[in-house]
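Everything below concerns the one structure shown next.
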Amino acid sequence: MSAEPREEIIVHLGDRSYPVYIGYALLDSVNSMISDGVSKVAVVTQRNIGVLPEIDRPSEIFYISDGEHAKSLSTIGGLCSGFAQMGLNRKDLVLAVGGGVVSDVAGFAAASFHRGVAFAVIATSLLAQVDAAIGGKTGVNIPEGKNLVGAFWQPSFVVCELSALETLPERERRCGFGEMAKYAFLGAEELDMMPLRDQVSACVRVKASFVESDEREGDRRALLNYGHTLAHAIEAVAFGDSGTDLKHGEAVAIGLIFAALLAKRLGRIGQDRVDDHFRVVNSYGLGTKLPTGMDADTLVRAMFKDKKSFGSLAFVLDGSAGVEVVRDIDPSVVRETLLELENMK
Ligand code: GLY
C-alpha cells in the first residue's frame with residue numbers, strides 16, 4: 001500500500017461532469033463522495049470481488065453472478081425488483097463495486113429504474129479502471145448479440161482502487177492490459193515504461209478526453225474501439241460456446257495486431273509500425289493468435305452482423321494522420337488479412 005494522495009481526473013460533461021479518483025486505500029473516503037441528498041444506497045457486486053466499502057447510511061448489497069452471462073435482462077429485472085423492495089428512490093444511489101460486468105449491469109439497472117437513479121463505480125479490475133467504468137456506456141447482452149441493449153448513463157463518481165489490482169488473478173490483469181495496449185496508439189505514449197498507477201492515470205486521461213469530445217459516440221469516441229472490430233467478431237463467434245475461453249482484453253490484443261496488418265495491406269502504414277503493435281502487445285504478455293476453430297469466413301460474417309457495421313466493413317485503422325475510422329473496406333482484403341494472421345507462427 002502507498003500513502004500517496006489520490007489523484008483526481010474530472011470528466012468534463014457540463015452538468016454531468018464527474019471525478020475519477022485513482023489511488024490506494026480509497027474505500028474509507030467513499031462515504032464523503034456520496035451526495036448528502038442520498039438516503040439509501042444499493043450496492044451491486046459479485047461474491048468474488050473481495051472489496052466492499054462500509055456505507056454510512058441504509059444500504060443493501062445485491063450480488064450478481066460471475067461472468068458475461070450475468071449481463072442479461074433477467075439480471076436487470078432481478079436488480080430492479082430488489083431496488084423497489086428496499087424502497088430505493090430517484091434521489092438515491094446505485095453503487096457498482098467490481099469490474100466491467102458489474103459496472104455495465106449496475107449502470108444499466110440504475111439508468112432504467114425510476115427512469116434513472118444516480119450511480120457510481122468502485123472499479124476493482126484493470127479493465128474497468130482504464131475503460132469500462134468511465135464514459136457511461138452501460139448495458140447487457142441478448143441472445144442476438146453482446147451489448148445490444150443499454151444506455152449512456154454517466155456515473156456520479158468513479159474510484160479506481162489500485163490495491164484491488166494486487167489480488168487480481170493474472171489472467172484478469174492481462175485482460176486489462178489488452179485495453180491498455182490500445183491507448184498506446186491513441187495518445188498515451190510509452191505507457192509500458194510507467195509505474196502501474198501512472199499507466200492507469202494516463203489511460204483515464206485519454207479516455208476522458210474522447211468521452212468529453214463525443215459522449216454518445218457520434219464520431220471521435222469510435223476510435224476507442226481500436227482493435228475491437230475483430231475482437232467483437234471473435235467474441236460473437238465464441239458467445240454461448242462454453243469451449244472458447246477468451247477474455248475481452250485478450251481478443252482486443254489480437255484485434256490490434258489484425259488492425260495493424262490490415263492497415264499495412266491497405267498501404268496506410270509500413271512494417272515498422274506493424275512491429276510497434278507487436279512490441280506493445282508482446283510487452284503486456286498478450287497473445288496474438290486467433291483462437292483455433294475460428295475461420296476467416298465465419299469472422300467476416302460476424303463483422304457484418306456487428307451493430308456498428310451498417311452493412312459494410314469499417315475498421316479503426318492506423319495511418320499517417322494517426323488512427324481513424326476507415327469505411328467500406330473490401331471483405332476480400334479483410335479475409336486475406338485474417339488468413340495472414342491465421343498463418344503466422
Ligand atoms: N469502450 C469504448 C467506449 O467506452 O467507448
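Treat the numbers as computed from the prediction; the structure is a model and nothing was measured. We number each residue from 1, following the sequence as shown. In each ligand, atom 1 is the first atom listed, and ligand 1 is the first ligand listed.
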Open item on the list: Between F315 and Y226, is the ring centroid distance below 6.0 Å?
Closed with: no
Open item on the list: K182 versus ligand 1: do any nitrogen or oxygen atoms come within less than 3.5 Å of each other?
Closed with: no
Task: Region of H228 engaging ligand 1 - heavy atom pairs below 4.0 Å - done: neither
Open item on the list: Which residue and atom name correspond to the protein heavy atom nearest atom 5 (O) of ligand 1, and how close is it?
Closed with: R221 NE, 2.7 Å
Open item on the list: Over 60° means perpendicular and under 30° means parallel, so tell me whether F83 and F62 are parallel, tilted or perpendicular.
Closed with: perpendicular
Task: Protein residue, atom and distance nearest to atom 1 (N) of ligand 1, heavy-atom basis - done: D131 OD2, 3.0 Å
Task: Ionic contact status for R268 with D318, cut-off 4.0 Å - done: no
TODO: Inspect the contact between R220 and E212 and indicate whether a charged nitrogen and a carboxylate oxygen are less than 4.0 angstrom apart.
DONE: no
Task: Carboxylate-amine/guanidinium contact R265 E336, below 4.0 Å - done: yes
- [ ] Could you tell me whether some N/O pair between N225 and ligand 1 is separated by less than 3.5 angstrom?
- [x] no
Open item on the list: Suppose we measure from atom 4 (O) of ligand 1 to each protein heavy atom; which comes out shortest, and what is that distance?
Closed with: K207 NZ, 2.5 Å
